[in-house]
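Every chain is numbered from 1, with letters handed out A, B, ... down the list of sequences. Predicted model only: the values in this text are computed from it and were never measured.
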Amino acid sequence: MTARKEIERKLDQFEFTAFQRRVLLACYGIKEGETLSYKELAKKAGSPKAYRAVGTVMKNNPFPITIPCHRVIKSDGKIGNYSGTGGVERKKELLFKEGALDKQD
DNA sequence: TTCCTGACGCTCG
DNA sequence: GCGAGCGCCAGGA
């Protein structure tokens, strides 16, 4: 039983659409210390042009840490937003700890 | 069923 | 190089 299976099972407990699950699973696939843009994530989810909808999905992310939504940043390199605990500051902190961010601020 | 909104991206001035 | 505006898809009211 892979960890991914566990996530899929948990997501199955929520009334998520296929698109939402694809986005969350794609996000879950982001390695530690690695970042992905919303556009890239949308592409991985199978809808390259749905980057706008990706943000909506991330906001409804039920597992902010298990599913590393903080590793998703804007294509211009900026942090973007974060609805999880601590907001963008927490997001930057997590990225910094994982080595995905060179420096704070 | 339709309209509005959103953790964004790209193009134009 | 920077800022503003328009466009993209999906979900919620």
Using only atom types and a distance under 3.5 Å, with no angle test, would you say the side chain of Thr17(A) pairs donor to acceptor with the backbone of Gln20(A)?
yes

Tell me what Ser83(A) touches on the nucleic acid: a base, only sugar-phosphate, or nothing, going by heavy atoms under 4.0 Å.
base

Using a 3.5 Å distance criterion without hydrogens, assess whether the side chain of Lys91(A) forms a donor-acceptor pair with backbone atoms of Asn81(A).
yes

When we call it a touch if two heavy atoms are under 4.0 Å apart, what does Lys59(A) touch: a base, just sugar-phosphate, or nothing?
base

Using only atom types and a distance under 3.5 Å, with no angle test, would you say the side chain of Asn60(A) pairs donor to acceptor with the backbone of Thr56(A)?
yes

Counting distance only, does the side-chain N/O of Lys44(A) pair as donor-acceptor with the main-chain N or O of Val23(A) below 3.5 Å?
no

Given protein heavy atoms under 4.0 Å, the one-letter contact record of nucleotides 7-13 of chain C, with B base, S sugar-phosphate only and - none, is simply BBBSS--

Between Arg71(A) (side chain only) and Ile30(A) (backbone N and O only), is there a donor and an acceptor less than 3.5 Å apart?
yes

Closest non-hydrogen atoms of Lys78(A) and Ile73(A), given as atom of the first, atom of the second and distance, are O-CB, 3.3 Å

Side chains of Phe63(A) and Cys69(A) in contact at under 4.5 Å (non-hydrogen atoms):
no

In terms of side-chain geometry, is the basic nitrogen of Glu8(A) or Arg4(A) positioned less than 4.0 Å from the acidic oxygen of its partner?
yes

Start and end of the DNA chain B segment that chain A contacts, any atom under 4.0 Å from a heavy atom:
dG6(B) to dC10(B)

Given DNA chain B, 5'-ward residue of the pair Val54(A) and Lys74(A), judged by closest heavy atom:
Val54(A)

